[in-house]
Amino acid sequence: MGFWKTWFSTSESTAASRTGAFEEMSADVMGNSSPSSDRIVFSTEREIDLYELEELCDAVGWSRRPLRKVKKAIEHSFLVATMWQVRGNQRRLIGFARATSDHAFNATIWDVVVHPDFQGKGLGKALMKYVLKKLRSEEISNVTLFADPHVVDFYRTMGFMADPEGIKGMFWYPH
Ligand SMILES: CC(C)(COP(=O)(O)OP(=O)(O)OC[C@H]1O[C@@H](n2cnc3c(N)ncnc32)[C@H](O)[C@@H]1OP(=O)(O)O)[C@@H](O)C(=O)NCCC(=O)NCCS
């Protein structure tokens with residue numbers, strides 16, 4: 001499969017994967033600091049090298065999770081969105097997000113990450129817009145997520161509200 005080294009691939013028939021195609025971002029997202037040959041590409045294809053994803057998560061300091069569980073989580077997600085830097089015939093995974101859903105009303109976004117080399121250029125926002133566009137195209141109208149305290153304002157810039165009408169997210173963990 002060439003440089004699309006496929007560690008797993010699923011044909012799971014979620015609507016989001018059926019519509020999966022590579023979509024190119026307008027070059028101005030990257031500003032002037034990026035070589036003109038670079039392109040930013042978004043995809044809902046699920047062909048992801050899990051080790052490359054692990055490297056991306058390592059780069060932002062997330063704790064490692066067992067790859068077999070990451071693979072399962074991805075397989076069972078409604079939507080998997082990836083963001084790639086494409087330079088010539090090379091591509092590099094620079095962003096990731098996924099959403100679980102009841103396929104009708106609700107979706108929850110998880111694991112939003114942009115590689116530190118690419119942060120602060122509007123790409124996180126672009127990735128979230130891409131995810132929201134895909135969810136809206138599936139007529140999902142209630143989108144939730146769990147924001148780490150230091151990124152609450154990042155999500156606010158996209159219209160996410162904390163505790164709308166006093167509704168609280170509640171958690172249960174095994175003791
Ligand atoms: C959070 C993250 C995805 C943001 O990606 P990014 O590409 O740096 O964000 P953008 O450049 O698109 O920023 C979009 C807007 O959010 C703001 N923003 C970005 N990161 C922010 C932060 N940590 N806190 C507050 N605001 C933030 C930007 O200033 C920008 O505001 P503007 O639209 O008014 O200019 C990225 O920093 C990241 O991957 N962090 C580590 C992983 C993480 O914490 N993920 C979230 C888990 S809940």
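Remember, it's 1-based here, ligands and their atoms both numbered in the order they're listed. One is the number of the first residue; the rest follow in order along the sequence.
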Q.
Counting only heavy atoms closer than 4.0 Å, does ligand 1 sit against the backbone of Phe96, its side chain, both, or neither?
A. neither
Q) Relative to ligand 1, is Phe146 under 4.0 angstrom through side chain, backbone, both or neither, heavy atoms considered? A) backbone
Q.
Between the side chains of Glu75 and Lys71, is the shortest nitrogen-to-carboxylate-oxygen separation below 4.0 Å, so that they form an ion pair?
A. yes
Q: Considering heavy atoms of the protein only, find what lies nearest to atom 9 (O) of ligand 1 and give residue, atom and distance to 0.1 Å.
A: Phe154 CE1, 3.6 Å
Q) Should His150 be counted as touching ligand 1, given the test is an N or O pair under 3.5 Å? A) yes
Q) Parallel, tilted or perpendicular for Tyr130 and Phe42, by the 30°/60° rule? A) tilted
Q: May I ask you to identify, for Lys121, whether its side chain, its backbone, both or neither come under 4.0 Å of ligand 1 on a heavy-atom basis?
A: backbone
(Q) With the threshold set strictly below 4.0 angstrom, can you tell me whether any protein non-hydrogen atom sits that near atom 22 (C) of ligand 1? (A) yes
Q. Any idea which protein heavy atom is nearest atom 38 (C) of ligand 1, and the distance to it?
A. Gln119 NE2, 3.3 Å
Q: Identify, for atom 5 (O) of ligand 1, the protein heavy atom at the shortest distance, and state residue, atom and that distance.
A: Gly124 CA, 3.6 Å
Q) For Arg64, what residues pass the salt bridge (charged side-chain N to carboxylate O under 4.0 Å, His left out) criterion, not counting sequence neighbours? A) Glu54, Asp58
Q. Considering only protein heavy atoms, which is closest to atom 30 (C) of ligand 1, and at what distance to one decimal place?
A. Thr157 CG2, 4.8 Å
(Q) Quick check: do Leu50 and Val70 have side-chain heavy atoms less than 4.5 Å from each other? (A) yes
Q) Less than 3.5 Å between some nitrogen or oxygen of Val151 and one of ligand 1, yes or no? A) no
Q: Enumerate the atoms of ligand 1 whose separation from the nearest heavy atom of Trp62 is less than 4.0 angstrom.
A: 42 (C), 43 (C), 45 (N)
Q. Judging by distance only, is a nitrogen or oxygen of Gly122 under 3.5 angstrom from one on ligand 1?
A. yes
(Q) Strictly distance-based, threshold 3.5 Å: is any side-chain N or O of Asp102 a donor or acceptor partner for the main-chain N or O of Phe105? (A) yes
Q | Arg46 side chain to Ile74 backbone, donor-acceptor under 3.5 Å | A | yes
Q. Would a 4.5 Å heavy-atom cut-off, applied to side chains only, mark Leu79 and Val131 as touching?
A. yes
Q: State, without any angle test, whether Trp84 and Thr82 hold a side-chain donor-acceptor pair at a distance under 3.5 Å.
A: yes
Q) Should the heavy atoms of other residues, nucleotides or ligands under 6.0 Å from OH of Tyr173 be counted, would the total exceed 12? A) no
Q) Would a 4.0 Å cut-off, counted as strictly less than, catch a protein heavy atom around atom 28 (C) of ligand 1? A) no
Q | Main-chain N/O of Leu145 paired to Thr108 side chain as donor or acceptor, under 3.5 Å | A | no
Q. Protein heavy atom under 4.0 angstrom of atom 35 (O) of ligand 1, is there one?
A. no
Q.
I need the atoms of ligand 1 closer than 4.0 Å to a non-hydrogen atom of Lys125, numbered in the order shown.
A. 12 (O), 14 (C), 33 (O)
(Q) If the cut-off is 4.0 Å to any non-hydrogen atom of Val113, which atoms of ligand 1 fall inside it? (A) 39 (O)
Q) Of all the atoms in ligand 1, which lie at a distance below 4.0 Å from a heavy atom belonging to Gly120? A) 6 (P), 7 (O), 8 (O), 11 (O)
Q: Determine, considering heavy atoms only, which of Val114, Asp148, Ile109, Leu56 sits nearest to atom 48 (S) of ligand 1.
A: Asp148
Q.
The criterion is salt bridge (charged side-chain N to carboxylate O under 4.0 Å, His left out); which residues satisfy it with Lys133, sequence neighbours excluded?
A. Glu23
Q: List the atom of Met128, the atom of Met158, and the distance in Å for their closest heavy-atom pair.
A: CB-SD, 3.2 Å
Q) Does Val112, backbone or side chain, put an N or O under 3.5 Å from an N or O of ligand 1? A) yes
